[in-house]
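Worksheet: one structure, shown below.
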2 protein chains.
Amino acid sequence: MTKLIDVARKAGCSPTTVSRVINNYGYISEKTRKKVFQAMAELHYQPNSAARSLQGKKTQLVGLIFPTVSNPFFGELVSKIENQLFTAGYKTILCNAEEKIEKERSYLQMLTANKVDGIIAGAHNLEIAEYQETGLPIVSFDRKLSDNIPIVSSDNYLGGELATQELYDNGARKIYFVGTATVTGQPTDRRLQGYKNKIKQLGLEPRVQPISSGEKAEIKEMAIQNLLSTKVVDGIVASDDLTASLCLTVAERLSLSVPQDLKIIGFDGSQVVRTLRPDLSTIVQPTQAIAQLLVKLLEERIAHPHEPLTQDTYTLPVELLRRKSSSHQ
Amino acid sequence: MTKLIDVARKAGCSPTTVSRVINNYGYISEKTRKKVFQAMAELHYQPNSAARSLQGKKTQLVGLIFPTVSNPFFGELVSKIENQLFTAGYKTILCNAEEKIEKERSYLQMLTANKVDGIIAGAHNLEIAEYQETGLPIVSFDRKLSDNIPIVSSDNYLGGELATQELYDNGARKIYFVGTATVTGQPTDRRLQGYKNKIKQLGLEPRVQPISSGEKAEIKEMAIQNLLSTKVVDGIVASDDLTASLCLTVAERLSLSVPQDLKIIGFDGSQVVRTLRPDLSTIVQPTQAIAQLLVKLLEERIAHPHEPLTQDTYTLPVELLRRKSSSHQ
DNA sequence: TTGTACGCGTTATCAT
DNA sequence: ATGATAACGCGTACAA
């Protein structure tokens, strides 16, 4: 591998000068600058990033901790974050934390050891303290990590309200909330809170069918089938599109007509789901805006790691996508 | 950040000894080994990976170059590869190459500069030469990169045949191939070849409706709508599930009954698609097996970079998933 | 079994 | 405007 000193020799100057050219530092004559660039090009010189970061330079590496990119929403979000990071000159280290605490912890250590410049975290299991201990710039998606870590999330509360209102407006009265219903105080719970609040406003009774997100599709389907065959249900606010899709599938199996007998609305609105389930109404999260904001905030934290946060919560607007599954008839 | 010498001081020995303990190298007495581990634990010591790799050590970093994880198939595959890599002690650098040559090239340079231990490539645009120039261990998914780079792929040819046969067996005779139909000689083209061969065997006429994969869903839909409303079609072998799903959507819009009037089969069979389109028949790629094999082969290349390949093409079996969209009635 | 000393490729400091 | 030199943290011949 060609190195700094090779370039220096070729350009007829010292390594220091070459370094100066590369880093745009100090005074260099136009003439030598040209010569150095010339030499670098001819030798296909690539700076050794290990050596650079050993000098305290940034690594241009950012760690992404998310549940899994096999989920279409996270796939889309991660893909957009990666794009933003690339534009900003960063490479992305991907961690699918799954639900495994050990994996998440192990990754956090790796990321610390690898001297990433920062972390974008969207997973949901580790203790807050472990994130703080890293001392790294962190921004979080949909998750309270610590007081000095900014959170970006969609307006989940409003989303829950919108979804419920939509079903109500189209005639549903026995409206269930189906899906992840944790009680951790995390932003995602706010979908459920929005649902509950709206239900109350409407003078209806809240009905929640919790389904743990980690389960296999078959297990989830059974729980839904049980719900739909034993209770009177004419509306379902699902905690996410995948759950909503399972509801659609089960409804069809039970010969329940959607939207006549049962109206369903999901949450997330990724492009893939819109393509694969074009009839599904849903609350759309603005993945592009989320990605942009996460990266922008992280860049700020990296530039000024010790400044106090000007704002610690960023709530982005969601949008109701009306489709057949929630329509009047 | 605590370093080797801090551990050494705490353990009352030299840095060398600590290094030996860490790398399991040379002879160390059990007693000092204990003391060193003790000290490391107390200080929360994390080796500086920049310094290590500067000594020619491995970085335990692997680059993944794929089109985009927002595609459910690649999302699932990348997720599984990342898991395999993690188990093997590697971190994953993710590159969504999209269709952008410049991005792919830029990443390749970054990966080289960052001294990743190897690359798993599943993208489809760069020149072969650029991959060879890196001098890195590489394995490829579904793509011929170079003579000394092993290729892993599903049995796309058989998949194309199976799909066609399935439609035929259930009564279709005007069977179109719809979707990506490149002519690059890459393994993915073999789906089309399998289709063509089977069509010929069956004494039917091949009919291909090419749809470039980069287009937006709306554009693709229009092409499909045009096809279905101007031609007589009773069977569609789609190049992938997303395209198949668009066909289903358009068919419904045109009041064509599936599978009565039109039978459709897709390709890929990711879990997400199975959940969202449970009626869609498809050819399932064995993502878990692909991920395992890719990582295993890469590990071998990393361990023995200069050994000639014992085998350069690995074809994994696909499976036909029969669902309603291709059934007899 | 353990320690000393040098080098990995780059950048920062101090000269010139 | 440019160069010499020390340092970053770790691994490894070589010495003890």
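Everything numeric here is computed off the predicted structure, so don't read it as measured data. Naming convention: chains lettered A, B, ... in sequence-line order (proteins, then strands); numbering from 1 in each chain.
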inquiry  = If the condition is side chain to side chain contact (heavy atoms under 4.5 Å, CB included), which residues does A113(B) pass it with, not counting sequence neighbours?
reply    =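 A113(B): side chain to side chain contact (heavy atoms under 4.5 Å, CB included) contacts with Q46(A).
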
Residues which pass side chain to side chain contact (heavy atoms under 4.5 Å, CB included) with T313(B), listed by chain and number, not counting sequence neighbours =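 For T313(B) the side chain to side chain contact (heavy atoms under 4.5 Å, CB included) partners, ignoring immediate neighbours, are T315(B).
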
inquiry  = Under 4.0 Å, heavy atom to any atom of DNA chain D: which of residues 8-24 of chain A qualify?
reply    =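 Within residues 8-24 of chain A, the residues near DNA chain D are C13(A), S14(A), T16(A), T17(A), R20(A).
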
query = Of all of residues 47-59 of chain A, which get a heavy atom below 4.0 angstrom from DNA chain D, listed by number?
reply =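 Residues of residues 47-59 of chain A that come under 4.0 Å of DNA chain D are, in numerical order, L54(A), Q55(A).
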
key: Donor-acceptor pair, side chain of Y90(B) and main chain of Q84(B), under 3.5 angstrom   =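 Judged by distance alone, no pair lies under 3.5 Å.
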
task = Could you tell me whether a side-chain N or O of N96(A) sits under 3.5 Å from a main-chain N or O of E98(A), the two making a donor and an acceptor?
result =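 The answer is no, because no donor-acceptor pair under 3.5 Å joins these two groups.
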
message = Is it true that Q132(B) and S146(B) share a donor-acceptor pair across their side chains at a distance under 3.5 Å?
response =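 Their side chains do contain a donor-acceptor pair, which is all the 3.5 Å distance test asks for.
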
request  = Indicate whether any N or O donor in one side chain lies under 3.5 Å from an N or O acceptor in the other, for T16(B) and S19(B).
outcome  =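 No, because no side-chain N or O of T16(B) sits under 3.5 Å from a partner of the opposite role on S19(B).
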
key: Interface limits on DNA chain C, where chain A has a heavy atom under 4.0 Å of a nucleotide atom   =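 Terminal contacting nucleotides, 5' to 3': dG9(C) to dC14(C).
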
Pair up each side-chain donor or acceptor in residues 294-304 of chain A with any protein partner under 3.5 Å, not counting sequence neighbours, and list the distances.
unit_1: R301(A); atom_1: NH1; unit_2: E307(A); atom_2: O; d: 2.9
unit_1: R301(A); atom_1: NH2; unit_2: P305(A); atom_2: O; d: 3.4

ask   = Roughly how bent is the helix from dT1(C)-dA16(D) to dT16(C)-dA1(D) end to end, in steps of 10 degrees, with each end axis from five pairs?
value =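 Axis angle across the helix from dT1(C)-dA16(D) to dT16(C)-dA1(D), nearest 10°: 40°.
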
key: Contact boundaries on DNA chain D for chain A, cut-off under 4.0 Å to non-hydrogen atoms   =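 Extent of the interface on DNA chain D: dA1(D) to dG9(D).
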
query = When you measure from every atom of DNA chain C, which of residues 27-44 of chain A have a heavy atom less than 4.0 Å away?
reply =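 Heavy-atom contacts with DNA chain C come from no residue of residues 27-44 of chain A; none.
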
task = Verify side-chain contact (heavy atoms from CB on, under 4.5 Å) between L43(A) and K10(A), making sure each step is shown before the conclusion.
result = CA-CA 9 Å; L43(A) 297 174; K10(A) 183 132 199 157; 4.0 Å; yes

message = Under the salt bridge (charged side-chain N to carboxylate O under 4.0 Å, His left out) definition, can you give me all pairs with a residue in residues 47-63 of chain B, not counting sequence neighbours?
response =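 Applying salt bridge (charged side-chain N to carboxylate O under 4.0 Å, His left out) to every pair that reaches into residues 47-63 of chain B, excluding sequence neighbours, yields nothing.
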
request  = Would you please test N83(B) and K103(A) for side-chain contact (heavy atoms from CB on, under 4.5 Å) and show each step?
outcome  = CA-CA 10 Å; N83(B) 263 300; K103(A) 193 176 177 198; 3.0 Å; yes

inquiry  = Side chains of Y45(B) and I22(B), heavy atoms from C-beta outward: is any pair under 4.5 Å?
reply    =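 Counting from C-beta outward, Y45(B) and I22(B) do come under 4.5 Å.
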
request  = With the side chain counted from C-beta on, respond yes when E104(B) and K100(B) share a heavy-atom pair under 4.5 Å apart, and no when they do not.
outcome  =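 In short, these two side chains do not touch, never coming nearer than 4.5 Å.
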
message = Using the side-chain hydrogen bond (donor to acceptor under 3.5 Å, both in side chains) definition, which of the options D142(B), N156(B), D268(B) pairs with Q285(B)?
response =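 It is D268(B); the other options fail the test.
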
query = Looking at K80(B) and E76(B), does any basic side-chain N land under 4.0 Å from a carboxylate oxygen?
reply =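 A salt bridge is present here (some side-chain N lies under 4.0 Å from a carboxylate O).
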
request  = Take T287(A) and S270(A) through the test side-chain contact (heavy atoms from CB on, under 4.5 Å) and record every step on the way to the result.
outcome  = CA-CA 8 Å; T287(A) 49; S270(A) 66; over 6 Å; no

request  = Check salt bridge (charged side-chain N to carboxylate O under 4.0 Å, His left out) between D6(A) and all other residues, then give those that pass, not counting sequence neighbours.
outcome  =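 In terms of salt bridge (charged side-chain N to carboxylate O under 4.0 Å, His left out), with neighbours along the sequence ignored, D6(A) is linked to R9(A).
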
Could you give the side-chain donor-acceptor pairs of residues 59-69 of chain B under 3.5 Å, partners two or more places apart or in another chain?
unit_1: T59(B); atom_1: OG1; unit_2: L61(B); atom_2: N; d: 3.3
unit_1: T59(B); atom_1: OG1; unit_2: K115(B); atom_2: O; d: 2.7
unit_1: T59(B); atom_1: OG1; unit_2: D117(B); atom_2: OD1; d: 3.1
unit_1: Q60(B); atom_1: NE2; unit_2: G89(B); atom_2: O; d: 3.0
unit_1: T68(B); atom_1: OG1; unit_2: S79(A); atom_2: OG; d: 3.3
unit_1: T68(B); atom_1: OG1; unit_2: S70(B); atom_2: N; d: 3.0
unit_1: T68(B); atom_1: OG1; unit_2: S70(B); atom_2: OG; d: 2.9

